[in-house]
J.: 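Below you'll find the structure I mean.
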Number of protein chains: 2
Amino acid sequence: MADVEKRYRSIIKKLQDNKHKLTPQRLAIVRILAGSAGHPNIEHIYGQLRGDFPTMSLATVYRNVMLLKSLGEVLELGFTDGSNRYDGNKPYPHPHVICYQCKKIIDPSLATLKDLTHEVAEQTGFRILTHRLDFFGICEACHNK
Amino acid sequence: MADVEKRYRSIIKKLQDNKHKLTPQRLAIVRILAGSAGHPNIEHIYGQLRGDFPTMSLATVYRNVMLLKSLGEVLELGFTDGSNRYDGNKPYPHPHVICYQCKKIIDPSLATLKDLTHEVAEQTGFRILTHRLDFFGICEACHNK
DNA sequence: TTTGCTGCAAATAGTTTGCAGAGAC
DNA sequence: GTCTCTGCAAACTATTTGCAGCAAA
C-alpha cells in the first residue's frame, strides 16, 4: 500500500474514532492533505476542489484543516509573511527547506536534531514539547534560471 | 560601553547612513529594540511609548519596525498564531526557546547549527541564506506553578 | 431521527496605506 | 526651505463566526 494511501486511511480512522462525519468535502480535503508533498496552503486546497465542488466555501476548508490540526493529523507551517502551509503526510515536527523564489518546500533528513532538543532542555530548564526548524534559500532550479 | 548602548548607536548610525531622519519617536523605538531582551511585539513597544508620546500611532511603530527590519537591524519572529516578536539586539538568525504559557523567549547557545546548514545545502542543492530554529515548551517557572 | 456539517455573509483582528500637517535637517 | 515622518482614519486581507438549511450515520 502506498504511503499516501496509508496516511489517508489513518486520518479517516482518526476522524471516525472521534465521531466526526465523513462528508464528501471532508474526504476530498483529507485526500489532498494526505499526499501533500507540495505542502499546500488553504487557497491551494480550495482551488483544487472547486472543480469537484463548485459551491464549496473557503470556510469549509479552514474548518476542516483546523479540525485535522487539532487531531494532530496535520502540521501547520505558519510563515512571517502570513502565508500558511500544511503537511498532512508527515504531521510531526521535521525540518523544512524553503525556496524564496518558487516557494517550494522540501523535507531534508537530518540526524542531529534529537540531540539539540536534549541540549536545549538541559541548558534552559525548559520542558521541550516541540520544535520548528526551517532553512530558507534558493533552490537549484531557481538558481539556474 | 554596555552591549545595549552599542547596539543603539550602531542602529542610529545605520539610519543616518541611509538618510533617515532621527525623530524622537523613531529614537524611542530604536532604544526599546536595541535592548529587546524580552523580544517585544508591536503592542508591547507601543504600550511602552504611550507614556512619553501620548499621541503616538500604532502605524508609526509598524512603519519603524519595518524600516529597521529592511535595514537588517531587527529580526522578526513571526508565529503561527499571528503574533510577531522582534529582536533588535541580535538581528541575525539564532535559535529561540519559547514558553507556551508565559510567552517568554530565551536565546540558548547551540554550537552545531553551522554544520546543519552545510548538511542541508549538500543534501538539497539549495543555496541556504538563512534559517530559523525554535523550540517550544514550558519554562521552569511555569512548570513549578 | 439526530447531530454535526456546509455555504453564505458578516464580523473580526492585525496590518498597511493615503493624506495633510508637523518637524528634522 | 525641502522632504521625510507622523497621526489619523480608512482600507485591506486572511481568518473566524452565526445562522439556517442539508446530509451523514
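The sequence lines fix the lettering, A, B, ..., with proteins before strands; numbering per chain opens at 1. Atoms considered below: every heavy atom in the structure, side chains included; atoms not considered: hydrogens, waters and symmetry mates.
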J.: Can you tell if the side chain of A:Leu68 reaches within under 4.5 Å of the side chain of A:Tyr86, non-hydrogen atoms only?
T.: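 A side-chain contact under 4.5 Å is absent here.
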J.: For A:Lys19 and C:dG4, what is the distance between atoms NZ and C1' respectively, to the nearest whole Å?
T.: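 Atom-to-atom, A:Lys19 to C:dG4, this comes out as 14 Å.
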J.: Hey, where on DNA chain D does chain A first and last touch, going 5' to 3'? Cut-off is any atom under 4.0 Å from a heavy atom.
T.: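 On DNA chain D, the outermost contacted nucleotides are D:dA14 to D:dA25.
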J.: Starting from C1' on C:dG4, measure out to NZ on A:Lys21 and report it in whole angstrom.
T.: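 Between C1' of C:dG4 and NZ of A:Lys21: 4 Å.
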J.: Would you say C:dG14 has OP1 or OP2 under 4.0 Å from some side-chain N or O of B:Asn41?
T.: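 For C:dG14, neither OP1 nor OP2 has a side-chain N or O of B:Asn41 closer than 4.0 Å.
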J.: Hey, what do you get for CG (B:Asp81) to CD (A:Glu76), rounding to the nearest 0.5 Å?
T.: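 Going from CG on B:Asp81 over to CD on A:Glu76, the span is 9.5 Å.
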J.: Write down the distance between CD (A:Gln16) and P (C:dC5), rounded to a whole number of angstrom.
T.: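 For the pair A:Gln16 CD and C:dC5 P, the rounded distance is 13 Å.
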J.: State, without any angle test, whether B:Arg7 and B:Asn89 hold a side-chain donor-acceptor pair at a distance under 3.5 Å.
T.: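 Side-chain D/A pair, B:Arg7 to B:Asn89: absent.
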J.: Could you check how far CG of B:Asp81 sits from C1' of C:dA13, rounded to whole Å?
T.: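 Rounded to whole Å, this separation is 13 Å.
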J.: Ring of A:Phe53, cation from A:Arg26 - is the NZ or CZ under 6.0 Å from the centre and inside 45° of the axis?
T.: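 Because its charged atom misses either the 6.0 Å distance or the 45° angle limit, A:Arg26 does not stack over A:Phe53.
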J.: Please give, in whole Å, the distance from C:dC25 C1' to B:Arg26 CZ?
T.: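 It works out to 13 Å between those atoms.
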J.: Heavy atoms, side chains only, cut-off 4.5 Å: are B:Arg85 and B:Lys103 in contact?
T.: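 Yes. Closest side-chain heavy atoms under 4.5 Å.
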J.: Relative to the 5' end of DNA chain D, which residue comes earlier, A:Met66 or B:His20, by the nucleotide with the nearest heavy atom?
T.: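 The 5'-side residue here is B:His20.
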J.: When rounded to the nearest 0.5 angstrom, what distance separates CG in A:Asp107 from OG1 in B:Thr124?
T.: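 Output value for this atom pair is 11.5 Å.
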J.: Quick check on C:dG7: is either OP1 or OP2 less than 4.0 Å from any side-chain nitrogen or oxygen of A:Gln25?
T.: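 Indeed, a polar side-chain atom of A:Gln25 lies that close.
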J.: Between the axis at one end of the helix from C:dT1-D:dA25 to C:dC25-D:dG1 and the axis at the other (five pairs apiece), what's the angle to 10 degrees?
T.: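 The two end axes of the helix from C:dT1-D:dA25 to C:dC25-D:dG1 meet at 40°.
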J.: In Å and rounded to the nearest 0.5 Å, what is the CG to CG distance from A:Leu110 to A:Leu133?
T.: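 Taking CG in A:Leu110 and CG in A:Leu133, the distance rounds to 6.5 Å.
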J.: Find the distance A:Tyr62:OH to C:dA9:C1' and express it as a whole number of Å.
T.: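 Atom OH in A:Tyr62 sits about 16 Å away from atom C1' in C:dA9.
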J.: Are any of A:Thr55's side-chain N or O atoms less than 4.0 Å away from OP1 or OP2 of C:dG7?
T.: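 Yes, A:Thr55 has a side-chain N/O under 4.0 Å of OP1/OP2 on C:dG7.
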J.: Could you state the atom-to-atom distance from CG of A:Leu58 to C1' of C:dA11 in whole Å?
T.: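 Rounding to the nearest Å, CG of A:Leu58 and C1' of C:dA11 are 16 Å apart.
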J.: So which pairs with a foot in residues 117-145 of chain A pass ring-ring contact (aromatic ring centres under 6.0 Å, His included), sequence neighbours left out?
T.: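 Sorted result for residues 117-145 of chain A: A:Tyr100-A:Phe136.
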J.: What's B:Ile42 touching, base or sugar-phosphate or nothing? Going by heavy atoms closer than 4.0 Å.
T.: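 No contact at all - B:Ile42 keeps every heavy atom at 4.0 Å or more from the nucleic acid.
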J.: Look at all strands and tell whether A:Pro24 reaches a base, only sugar-phosphate, or nothing, counting heavy atoms closer than 4.0 Å.
T.: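 It contacts sugar-phosphate atoms only.
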J.: Given atom CG of A:Asn18 and atom P of C:dC5, what is their separation to the nearest angstrom?
T.: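 Those two atoms, CG and P, are 11 Å apart.
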J.: Spell out, as yes or no, whether a donor-acceptor pair under 3.5 Å connects the side chain of B:Gln123 to the backbone of A:Ser109.
T.: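 Flag set: sc B:Gln123 to bb A:Ser109 pair under 3.5 Å.
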J.: I want to check one thing: is the phosphate of C:dT6, taken as OP1 and OP2, less than 4.0 Å away from some side-chain N or O of A:Arg63?
T.: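 No.
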J.: Could you go through B:Glu5 and B:Arg31, starting from their C-alpha distance and side-chain angles, then the distance that decides it, and tell me whether this counts as salt bridge (charged side-chain N to carboxylate O under 4.0 Å, His left out)?
T.: CA-CA 9 Å; B:Glu5 190 61 23; B:Arg31 186 161 286 290; 3.8 Å; yes
